[in-house]
Amino acid sequence: MLKLLLGDPNARKLKRYQPILSDINILEEEISPLTDDELRAKTALFRSQLDKISNFDLQRECLDELLPEAFAVVREASKRVLGMRHFDVQLIGGMVLHEGQIAEMKTGEGKTLVATLPSYLNALTGRGVHVVTVNDYLARRDAEWMGQVHRFLGLSVGLIQQDMNPLERRKNYQCDITYATNSELGFDYLRDNMANDINEIVQKNFQFCIIDEVDSILIDEARTPLIISGQVERPQEKYQKAAEVVLALQRAAEMGKDGIDPEGDYEVDEKQRTCTLTDEGFAKSEQLLNVSDLYDPKDPWAHYITNALKAKELFIKDVNYIVRSNEAVIVDEFTGRVMPGRRWSDGQHQAIEAKEQLPIQPETQTLASITYQNFFLLYPRLAGMTGTAKTEEVEFEKTYQLETTVIPTNRPRSREDWVDQVFKTEAAKWRAVANETAQIHNQGRPVLVGTTSVEKSEVLSALLSEQKIPHNLLNAKPENVEREAEIVAQAGRAGAVTIATNMAGRGTDIILGGNSDYMARLKVREALAPKLVKPEDGHKPPIPLQRQDQSSTGFGEENENSKNIKSQTITKSVPVSSLYPCILTDDTEKVLIELERKLVKAWGDRKLSPIDLEDRISTAAEKAPTEDPLIKSLREAISTVKSEYDVVVKQEEKHVREVGGLHVIGTERHESRRVDNQLRGRAGRQGDLGSTRFFLSLGDNLLRIFGGERVASLMNAFRVDEDIPIESGMLTRSLESAQKKVETYYFDIRKQVFEYDEVMNNQRRAVYSERHRVLEGIELKKQVIGYGERTMQEIVFAYVNSDLPSEEWDLQQLVSKVQEFVYLLDDLKPSDIKGLDIDELQAFLQEQLRNAYDLKETQIEKDRPGLMREAERFFILQQIDTLWREHLQAMDALRESVGLRGYGQKDPLIEYKNEGYDMFLEMMTNMRRNVIYSMFMFQPAPPEKN
Ligand code: ADP
Ligand code: MG
């Protein structure tokens with residue numbers, strides 16, 4: 001009703017773009033006749049207009065004015081180099097991004113191409129644009145693919161990859177447009193702020209950032225902060241000894257809480273998750289350890305004992321953690337998922353390792369950390385795109401001030417979402433999944449099955465093998481990302497069955513009938529790699545394309561069960577669909593063999609790295625003009641192979657369309673509806689036919705953990721055959737409410753992570769900017785003198801009580817304190833400052849300090865000019881880094897302790913804020929004092945005489 005009155009707000013927003021859209025379309029007439037050079041010249045023209053303006057806000061206005069023509073230019077360039085002309089909806093998406101919003105565009109709508117528009121426009125300022133994707137492979141793909149448009153128009157395009165060294169990184173960050181993953185960007189930011197020299201810094205100032213799959217990055221990954229850590233030395237025997245001691249201690253009876261002598265050694269509070277020693281417990285532990293005081297600062301034990309008690313009583317094996325290949329692995333108590341690599345902090349994990357008699361891993365200490373929330377908020381302008389944003393609209397708005405606009409699809413959607421099928425048991429569910437897969441496969445339609453874990457994929461794989469259904473299995477291991485993208489690209493071929501965990505092959509488009517481009521590139525690579533690629537470079541022999549080589553996925557944790565499945569799938573040798581549509585003609589094979597010979601001659605026998613070869617193949621597959629005869633031959637070969645494949649692919653595409661397109665099967669509800677939608681979105685792209693269905697069971701984690709009692713009672717209520725799906729309105733409601741509970745649960749976690757990091761954020765920015773100034777070496781002396789003046793002021797405040805008459809001030813003490821810091825003021829006597837009031841006293845001491853500092857500088861620089869600045873830089877960095885690191889630990893500890901206090905009346909977050917702020921001020925004070933002290937104490941070694 002309200003919508004009717006006010007109009008759909010989204011529709012109104014979209015309407016605003018209509019006039020600009022028309023402008024762009026009209027400009028096409030003017031722009032398409034231009035020659036390539038004339039088109040390219042537009043870039044310089046735009047730039048010259050922007051260069052005249054130095055004010056950022058005015059520049060922004062100028063960008064808005066340039067937008068229609070710039071977009072028209074990008075569209076024309078894309079037509080020429082990629083053969084793709086931006087659809088009108090893509091232009092709207094581009095405008096939404098330029099405004100710093102989230103553009104929701106469904107899978108397959110061509111978001112990658114959309115990003116070229118605002119990135120080109122904003123890069124014209126010369127201040128750098130970052131385009132962020134979820135993995136290295138996609139970053140590279142997009143930089144190569146979309147980079148063609150930018151390079152054609154005269155912009156430089158950079159790419160950041162995990163294995164790059166700082167030099168390469170800096171070069172790539174200097175480019176107009178840089179493609180990178182969220183984690184590389186974040187870690188480079190942290191590393192830059194740990195740099196010891198301005199030349200080690202790789203990033204430049206942030207301007208504008210476009211995040212692809214923005215929900216994955218800003219929501220799913222926002223639960224875990226980025227952390228750089230170093231190791232600390234702590235004696236491992238202490239953990240072991242503590243574990244032994246607590247075995248001998250007795251837990252107090254519950255009634256001990258009421259003040260009755262507990263007659264035990266320690267008390268456990270399960271709700272607050274704490275353990276406390278009683279007096280008896282203290283005595284007994286000290287006796288067992290043969291020490292006189294558990295709190296002795298020279299040989300502290302209390303912390304070890306408490307952690308060991310917690311390990312004994314509160315951390316339960318197979319509930320809170322599991323033991324796997326000699327490691328204690330955390331289990332998320334709500335989702336039941338194992339979290340390899342995560343560790344409890346503050347020695348707790350080590351205490352558990354001691355309890356389980358596992359090797360005790362060294363403790364790590366945080367050196368720097370930031371959450372994605374605060375990292376991305378560093379960009380003055382941020383934009384994002386994804387197929388699924390609307391459900392998280394509020395969070396985007398609240399946390400990131402990002403508005404969401406839903407862009408209509410280019411063609412009407414014709415995907416069917418079939419009703420869920422819910423089964424009583426998991427086993428029955430998987431049978432049903434296998435049956436539906438078989439049935440649809442037999443119709444010649446491709447099927448994509450999404451699973452939530454590797455283990456589950458394998459269960460299904462075994463069931464399909466029993467039915468002799470050929471299939472590909474993708475597990476999203478980082479090292480397979482690229483290969484998986486290639487397989488997913490073929491997941492649309494007739495009758496193809498692909499099982500993929502959530503992450504596998506994401507960002508790769510599934511084209512009905514298959515992707516002849518990918519196939520041709522792949523084939524050429526397969527033919528060339530053995531003779532061109534260095535074997536020691538970790539290059540694996542070409543992939544047996546029929547099936548993922550399962551033995552190479554090497555899951556350390558395989559149990560007996562999955563081993564059986566594995567041997568089954570391999571020994572039964574089910575016929576599987578190849579990734580290639582047909583065998584090449586002899587002529588084409590010959591072309592490949594000749595090409596190989598030619599390339600080996602030019603590029604050497606097995607001399608290239610896999611990436612080198614990949615790069616060259618990509619360049620050859622691009623349409624950009626090239627002078628290199630070898631690339632030209634490579635290009636011809638790819639195109640020959642492609643045209644042979646195309647014949648078959650076109651036929652297959654027609655067939656797949658006739659029988660109904662891609663069918664997507666979900667095998668479990670995910671932690672949010674958004675993730676479910678991501679999976680469904682893989683079918684029915686660009687108006688294609690397609691269908692989706694979710695299969696669920698009452699045993700699924702979601703229902704088991706969040707479903708509550710009602711669902712549990714349903715288990716028994718249904719006495720039907722377990723292979724018949726359950727239909728019940730109550731169940732549907734339970735499902736929805738369970739999913740909402742999970743969404744809220746994760747939202748709360750993210751909110752908490754963000755709120756607490758928020759407190760740190762201002763401190764981090766202050767420290768980092770102080771640090772940065774030092775690295776730049778701007779007015780170092782002034783900075784240090786400032787520290788000194790503050791220190792003098794603080795000394796005055798500490799030793800002079802303004803309520804007392806000045807005769808009663810203890811000037812002797814004050815003078816000694818000053819001399820402690822500045823020994824050069826040894827001549828200062830209380831009588832020199834007698835009779836001054838507080839302000840005069842301060843001014844006098846500050847004057848003295850400045851003079852002393854000049855004197856120090858003259859002494860220091862007598863033999864080595866410039867040494868003073870070096871010393872200043874060194875000491876400030878040293879102090880900031882040491883104290884900041886300590887501060888980070890202290891803040892961690894504070895966070896834990898306010899969490900405990902939270903059970904009282906106080907809001908833990910406010911406590912954390914207030915105390916954290918005080919601690920920060922204290923840290924900064926210490927930093928200034930230590931620097932002043934160190935500067936005056938500094939005595940360089942005399943120069944060596946030759
Ligand atoms: P998304 O990221 O939105 O899911 P992609 O960027 O992967 O989609 O693009 C999906 C497919 O659509 C790609 O194969 C791409 O080449 C194609 N495509 C995108 N835009 C256009 C266009 N304007 N004209 C033709 N094809 C396009
Ligand atoms: Mg994409």
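Model, not experiment: these values are computed from the prediction. Note that ligands are numbered from 1 as they come in the structure, with each ligand's atoms numbered from 1 the same way.
- With sequence neighbours excluded, the residues satisfying side-chain hydrogen bond (donor to acceptor under 3.5 Å, both in side chains) with E28 are R75, K79, R85.
- Atom numbering of ligand 1 starts at 1 in the shown order; those under 4.0 Å from a heavy atom of K106 are 3 (O).
- No N or O atom of W145 sits closer than 3.5 Å to an N or O atom of ligand 1.
- The pair R657-D688 meets the salt-bridge criterion, with a side-chain N (NZ, NE, NH1 or NH2) lying under 4.0 Å from an Asp/Glu carboxylate O.
- Taking the centre of each ring, F206 and Y173 stay at or above the 6.0 Å mark.
- Here the heavy atom of the protein found nearest to atom 20 (N) of ligand 1 is Q90 NE2, 2.9 Å.
- Salt bridge present: D417 and R415 bring a charged side-chain N and a carboxylate O closer than 4.0 Å.
- Not a single N or O atom of R141, backbone or side chain, sits closer than 3.5 Å to an N or O atom of ligand 1.
- What sits closest to atom 18 (N) of ligand 1 on the protein, heavy atoms only, is M84 SD, 3.5 Å.
- Considering only non-hydrogen protein atoms, atom 24 (N) of ligand 1 sits nearest to F87 CZ, 3.4 Å.
- Looking at residues two or more places apart in sequence or on another chain, you find a salt bridge (charged side-chain N to carboxylate O under 4.0 Å, His left out) between K523 and E526.
- Residue-to-ligand polar distances place G108 within reach of ligand 1: an N/O pair is separated by less than 3.5 Å.
- Ligand 1 places these atoms under 4.0 Å from at least one heavy atom of T107: 4 (O).
- For Y179 and H130, the gap between ring centers reaches or exceeds 6.0 Å.
- In terms of protein heavy-atom proximity, atom 14 (O) of ligand 1 is nearest to D509 OD2, 2.9 Å.
- Between Y379 and F208, the gap from one ring centroid to the other reaches at least 6.0 Å.
- Ranking the protein heavy atoms by distance from atom 5 (P) of ligand 1 puts T112 OG1, 3.5 Å first.
- Within the 4.0 Å heavy-atom shell around ligand 1 one does not find M105.
- Here D420 pairs with R669 in a salt bridge; the nearest charged N to carboxylate O distance falls below 4.0 Å.
- The closest protein non-hydrogen atom to atom 19 (C) of ligand 1 is G110 CA, 3.5 Å.
- Among protein heavy atoms, the minimum distance from atom 12 (O) of ligand 1 is reached at R685 NH2, 3.7 Å.
- Both tests do not hold together for R80 against F152: distance to the six-membered ring centre under 6.0 Å, angle to the ring axis within 45°.
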